[in-house]
Amino acid sequence: MSSIPRSGAARSRLRRGLAAMAVAALGSTLAVANATAANAAVACDVTYAVNEWTSSPGTGGFTANVTIKNTGDALSDWTLRFAFPNAGQQVSQGWSATWSQSGANVTAVAMDWNRSLATNATVSIGFNGTWSGSNPRPTAFSVNGVTCGGTPSPSPSPSPSPSPSPSPSPSPSPSPSPSPSPSPSPSPSPSPSPSPSPSPSPSPSPSPSIPPEPPGPRVDNPYAGATGYVNPDWAASARSEPGGAAVANTSTAIWLDRIAAISSGSAGNNSKGLRDHLDLAVEQDAANGSQALTIQVVVYNLPNRDCSALASNGELLISQNGLNRYKTEYIDVIAGIMADPKYRNLRIVAIIEIDSLPNLVTNLNLAKCQEAKTSGAYEQGVAYALGKLYAIPNVYNYVDAGHHGWLGWDTNFGPSSQLFASTAAMATGGRNTVHGFITNTANYSALVEPYFTINSTVNGQTIRQSRWVDWNFYVDELSYAQAFRNRLIQDGFPSNIGMLIDTSRNGWGGPNRPTGPSTSTDMNTFVNQSKIDRRIHAGNWCNQSGAGLGERPRANPAPGIDAYVWVKPPGESDGSSSAIPNDEGKGFDRMCDPTYGGNERNGNSATGALPNAPVSGHWFSAQFRELLANAYPPL
Ligand code: BGC
């Protein structure tokens, strides 16, 4: 339908993802649990992973990460109970559940956002505690009154004891609160760490006998209080252009756009691989004072990649064992490197598979996308990546969520959110593996249209009927990202997911930027004269003429938004303007050809692409210069 230029949009490539917070907890009051459990067969498995340390002889602290797996019927609520074997064991502060302790008995009640637990779903919760004497594990766990580890019990026989819900936990956030005391030693030491729990454990007090602090728990917003990794290669390209030094120290993402990109030397002798970048990130982290450092890595190599376009086609094909190769030669290798303990103090943001899932919603008329859908390869690949990367406690997954000019119509918006939810549910760790979503990746959609909103009217008629808006429900990325976040939460993602918006090239400044709303009373003239997004059609995505650098990266710029980020490194081409032979699997997409008249996905409009562009990912000096000149905010 015309309203769905799935296209232009469809093709754009930015996206962002969402990452779920660390964990979910379940539980709620017993009364509710009873109601739920009345017809449900409750069955569960609990794992209890402990990382403990000694602060003085006979006493110490510990972090327990507790994973509850629902092996019975779906639960709409849950409460976990267990007892400490020793009198000296005490919960001090927990997360992802409301924790309380009475004598030896510990209760964890689900939070609103993680109380429903599907069959076979898991929820991860945890707490910090102290011990004296020794710290043995609890021997039995129950959920809604049913002992875990057995066979499903049709009758939950909930204990009648009232749930001690008023929890002393000071932190409603699912992520554990920051370490109460500075780590005595940031460098790894071989001292005994009884359990290699992947999760964090704040050390209670500095003492030489304390083992090195394990990776911090995931923070709510990995961009807050952190500096961003500056890729020296991109910085050098930027600096080589007149005026480029003004932005050369900006953090941009590392794109792992093929298996070889993981290793050093894949693009020439001195080209950097993932380890090289992470090593440099550790150096930059050491040099930035007490701030954390965030490095962004784009995971972009699904089989049948870029199935609705050609400019960024990849090396793997579904028909040639691509999904298995993706898992074993790509994701496993990346995860192996990121898990190296020497990187554990970095905040690694993984941007997951630009443009992949949205193509399964809007572009199934194209054979390569159809194959991606019917084979399950995109969904399985994304779920695999989410689970593998989430297992590394300092990695934050953000999933691509297209952009407003692609998914902003209701026919695309809800189905995309549902597809993201069902895909993430397949990951090991479920939807908690998603920390957030990213929109506008490598696209040009304006962050905010200052001179009209979706509710504006011209002559009493909604602006939605203009040719530019074309019945979309959003006119810009900020309104879209915030609304999409709400929808994702409604569809089952944790309520603390955060959004990223790629603002690398959506500035739209320079001489052609409108300075106020048009005074025209003609609908299309009003919109065309008022909009700051100067594209010919919102479905245009390749090397857009007239674009400028957008908002510089920063954390917490607006409610629900974790950060504005530069994921697409400005100056790197979106695709070649004519066919150029290459060994990267890149095709020639006519949407990058300024002489092409377009296709159904951009309303058969001119492409607005700059001429003489190199293959995608290669440096495009003329574009970078234009982006600098049209930067908004101005440089
Ligand atoms: C290309 C990648 C490149 C990335 C960042 C994508 O369009 O396909 O090869 O790394 O852009 O420039």
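Owing to the predicted nature of the structure, the values given are computational and were not obtained by experimental measurement. In listed order, ligands and their atoms are each counted from 1.
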So, do Lys272 and Leu280 sit near enough that their side-chain heavy atoms are less than 4.5 Å apart? yes
Indicate yes or no: does an N/O atom of Glu572 lie under 3.5 Å from an N/O atom of ligand 1? yes
With a 4.0 Å cut-off on N to O distance, would you call Lys342 and Asp279 a salt bridge? yes
For the 3.5 Å polar cut-off, considering only N or O atoms, please tell me whether Lys568 and ligand 1 meet it. yes
Is there a polar contact, in the sense of an N or O pair closer than 3.5 Å, between Arg305 and ligand 1? no
For ligand 1, find out whether one of its N or O atoms is nearer than 3.5 Å to an N or O atom of Asp257. yes
At under 4.0 Å between heavy atoms, what of Glu584 touches ligand 1? The answer is neither
Quick one: which ligand 1 atoms are inside 4.0 Å of a heavy atom on Gly617? 3 (C), 12 (O)
Answer with yes or no whether the side chains of Thr503 and Arg552 bring together a donor and an acceptor at under 3.5 Å. no
Please check whether Lys586 reaches ligand 1 - meaning an N/O of the residue sits under 3.5 Å from an N/O of the ligand, judged on distance alone. yes
Ser251 versus Trp234: any side-chain heavy-atom pair under 4.5 Å? no
Does at least one non-hydrogen atom of Arg258 fall below 4.0 angstrom from an atom of ligand 1? no
Between Tyr300 and Trp255, what is the ring plane arrangement, given parallel below 30°, perpendicular above 60°, and tilted in between? perpendicular
Looking at Arg487 and Asp491, does any basic side-chain N land under 4.0 Å from a carboxylate oxygen? yes
